[in-house]
2 protein chains.
Amino acid sequence: MGSTRTARGRGGAPSMVEVAALAGVSVGTVSNVVNHPERVRAETIEKVRAAIEQLGFSRAVPVRAARTNPSVVEVAAVAGVSVGTVSNALNHPEQVRPETLARVRAAIEQLGFTPNANARSLAGGENRTIGLVVVDLGNTLFVDIARGAQREAAARGESLLVTNSDRDDAQQDAHLDLFESARVRGVVLAPLSDPFAGIQRVRRHGTPLVVVNYDDGRQDCCTVLVDNERVGYLAARHMVELGRRRLAWVSELNDLQPVHERQAGVRRAVREAGRGVSLVELDTEGVGENDGDHVVEEVLALPARRRPDALIAVTDMLGASVVEALRGAGLSVPGDIAVMGCDHDARAWGGAVPLTTVRMEGEEMGAAAVRLLADEVAEGVDHVHRRVVVQPSLLVRESSAGRLPR
Amino acid sequence: MGSTRTARGRGGAPSMVEVAALAGVSVGTVSNVVNHPERVRAETIEKVRAAIEQLGFSRAVPVRAARTNPSVVEVAAVAGVSVGTVSNALNHPEQVRPETLARVRAAIEQLGFTPNANARSLAGGENRTIGLVVVDLGNTLFVDIARGAQREAAARGESLLVTNSDRDDAQQDAHLDLFESARVRGVVLAPLSDPFAGIQRVRRHGTPLVVVNYDDGRQDCCTVLVDNERVGYLAARHMVELGRRRLAWVSELNDLQPVHERQAGVRRAVREAGRGVSLVELDTEGVGENDGDHVVEEVLALPARRRPDALIAVTDMLGASVVEALRGAGLSVPGDIAVMGCDHDARAWGGAVPLTTVRMEGEEMGAAAVRLLADEVAEGVDHVHRRVVVQPSLLVRESSAGRLPR
DNA sequence: CTGAAAGCGCTTACAG
DNA sequence: CTGAAAGCGCTTACAG
């Protein structure tokens, strides 16, 4: 990348690298001459100082230094040992004599040596980094998953690298390949849609993989799931406990597993509530997450005695959109109709009425995923895939319970 | 890692690797025999089939395959070319004859070859990944920064790896070292506190670095900042425009730059508003982000004619806490006192009254950082550090403007 | 257009 | 406890 430049101007000041080249010594030696001349033979000092003189070298704050990293070879030279010993000092310090260790560590410190992880990995050293591919960092659930995974990884002395596929299948694949090509220890995937192809992609190389928040039903990897049936159950039970009697389930009509499961939970709660409580299912095809107006039209079209007094939306986004539409139609929330969502999604939190929701325990999910991955790594070929199901919890806010007294 | 196992049981079914070993051929050849026997010499087919027979090998879904990646050597063998040509097919396809290219690509496909990025990087190949170290993914601002950075990186064909230091200096350092050791193209740092040491840490290796959301005043790297003076200015002007006359600035008394700047902006807006508008500054030492009670005590202790009708808190967290405390004291928000925060922080969004705030454009900040980094990489030693200042924007909600009609 | 060879920076047996 | 040597999987000149 060429030479160094001082902060003061564009002088093109020479770097230690150039001095070393001119003097025919290593950069470590030049550094020693500058910082610790007592460690260097008089003859070498003279040679280096001549080079310094000739090039007009002076230590300066570089604006943008050439990119350069000392290697084990230079560390070994400065410490006066072989590269094998440097490597041992790094990886098996207990096998190195304390004094030798101290000398190596001093050299590392002095040179600012940061081992090249690529070389280390290539040579068969241990890799303690995990990759997490997340479908959408804009959704709170996945941010929570990332945070939980990060904490668990840190607690285990591993590093977590996060990648956001931004709801794009091609990017998701690219990120899986990226982690595979980096030969990370394992991958956690929170996918957009059925991750079958992605799983195959990782699995064919035998890389440990855990899938979060998607049950493909094939059991071909460890999985962390939310109990979505319970999500719906908690929601409907909440409305019943508030005294609501005519519940409505609002969702897009589609094949997504979580949607079906939540719906099943709602039905179960209504069934358990007995005679006085009824359920209307407003699951229309093509209702997007911002189609509250559309939903409200349907609601208002119902005969008065069938009109619901509680709406449960499959997601917070849809719930928030429904709240706005109801208020736009002159109805009060929750006075006329209580509303809630599911998901605990921050994108839905800007509305006028704080939205009741069912929260999935994202941090716990992320932590569980890292634990499963660690087990898979540890167990090797004896590993048997497991699934962890995390329980959701209710979060009551104004849209169902009204403004809280305090 | 040992042998493969079928999904059906613990039979210890043999893998292609073992077949290859027994037959004395490459895995690629075994694969060819199984999938494309027409490509293999009759003699070899016989040898491999004998091995398959002897080991009882059958293609099966492995529960957990041994970890194995084909290398360029195997690709070369299958394609019938040299490894140099495989490399050229990968990196300089225009230099390879179309038919050769096709053969190499077929081999890559067939073997499921994913190049080892570590080896590639070591050998001097190009590295297109950027590292982002973020202080706290729990804070919306940094999630937005990550998303913006990720989009800009993707648009440029680069991969962004995100790491969460979780408000821990030691982890921040570890992550900087992690990216340095991986020899990423460059690093973006959204630091916890003064990043001077961290900057040195990266800079000494000449690695391109951009700092986001912290101005250390030293100009020793590219920086992306929010105009915090304007944050305060927008907040105070908003209150004035709503007709509020006695503003209060609420913050912890400390040395943080953003705090001072926001305060300065508030003062300017009040000054510009002229005679009718006054400002009280409630900046008490030791007021934490949840000390709303404490703040409200101070407010209520003021003589009636000096009691503020608008509170501007330095952060959303403090603002939300103040809202709760005011409501607890029997005051209405914004009826008696309008309140707002600064930061657009999702952690503060659970309260009963949606909080007006000033939003920092996190996505824009992240994107700008990646652009600066790309410039620094492209410009090499001719690079001169720049700073980008992003403008904040007002987000009006109920806590200042009252419930919106629709 | 293709191949043989050197080398990137490490780690790991293996001698000593 | 330490050193010399081989090798990890690539890319890059350099010959052909």
Backbone N/O of B:T129 and side chain of B:E158: donor-acceptor pair under 3.5 Å:
no

Exam field: side chain A:R183 to backbone B:N118, donor-acceptor pair closer than 3.5 Å
no

NA contact type, A:T100, heavy-atom cut-off 4.0 Å: base, sugar-phosphate, or nothing?
sugar-phosphate

Heavy atoms, side chains only, cut-off 4.5 Å: are B:L132 and B:L161 in contact?
no

Check whether any side-chain nitrogen or oxygen of B:H92 sits under 4.0 Å from OP1 or OP2 of C:dC1, and answer yes or no.
no

Test item: B:V81 and B:V86 side chains (from C-beta on) under 4.5 Å apart, heavy atoms
yes

Between C:dT2 (P) and B:E99 (CD): distance, integer Å:
8 Å

Any base atoms under 4.0 Å from A:V86, or only sugar-phosphate, or nothing? Heavy atoms, all strands.
nothing

Whole angstrom value for the distance that separates P of C:dC10 from CG of A:N91
11 Å

From C-beta outward on B:R97, which listed nucleotide comes closest to its side chain: C:dT2, D:dG9, D:dT2?
C:dT2

Check the distance between D:dT11's P and B:E126's CD and give it to me in whole angstrom.
12 Å

Nucleotide D:dC10, atom C1' - distance to CG of B:N69 in whole Å:
13 Å

Roughly how many Å is it from CD in A:Q95 to C1' in D:dT2, rounded to a whole number?
11 Å

Identify whether any heavy atom of A:V81 sits under 4.0 Å from a base atom; if not, whether one sits that close to sugar-phosphate; answer base, sugar-phosphate or nothing.
sugar-phosphate

Per A:N88 side chain, nearest of listed nucleotides D:dT2, C:dT2, D:dC10
D:dT2

Does C:dA13 have a Watson-Crick or wobble mate here (both distances under 3.5 Å), and if so which one?
none

To the nearest angstrom, how far is B:N116 atom CG from C:dC10 atom C1'?
13 Å

In whole Å, what is the span from the CD atom of B:E94 to the C1' atom of C:dC1?
12 Å

Short side-chain N/O contact to C:dG9 OP1/OP2 from A:R120, under 4.0 Å:
no

Look at the side chain of A:R183 and decide which nucleotide, out of D:dC10, D:dG3, C:dG9, has an atom nearest to it.
D:dC10

With distance as the sole test, does A:D166 use its side chain to make a donor-acceptor pair with the main-chain N or O of A:D168 at under 3.5 Å?
no

Let me know, please, whether A:V83 or A:R103 comes out on the 5' side of the other along DNA chain D by nearest nucleotide.
A:R103

Heavy atoms from C-beta onward define the side chain here; which of D:dG3, C:dC10, C:dC1 lies closest to that of A:S82?
D:dG3

5'-most contact on DNA chain C: B:L101 or A:N118, nearest heavy atom basis?
B:L101

From CG of A:L122 across to P of C:dG7 the rounded distance in Å is 17 Å

Are the side chains of B:V370 and B:R156 in touch, meaning some heavy atoms are under 4.5 Å apart?
yes

Closest to the B:F113 side chain: D:dT12, D:dC10, D:dA4?
D:dC10

Base, sugar-phosphate, or nothing: which does A:S87 touch, judged by heavy atoms less than 4.0 Å apart?
base

Listed nucleotide nearest any side-chain atom of A:A123, set D:dG9, D:dT12, C:dG9:
C:dG9

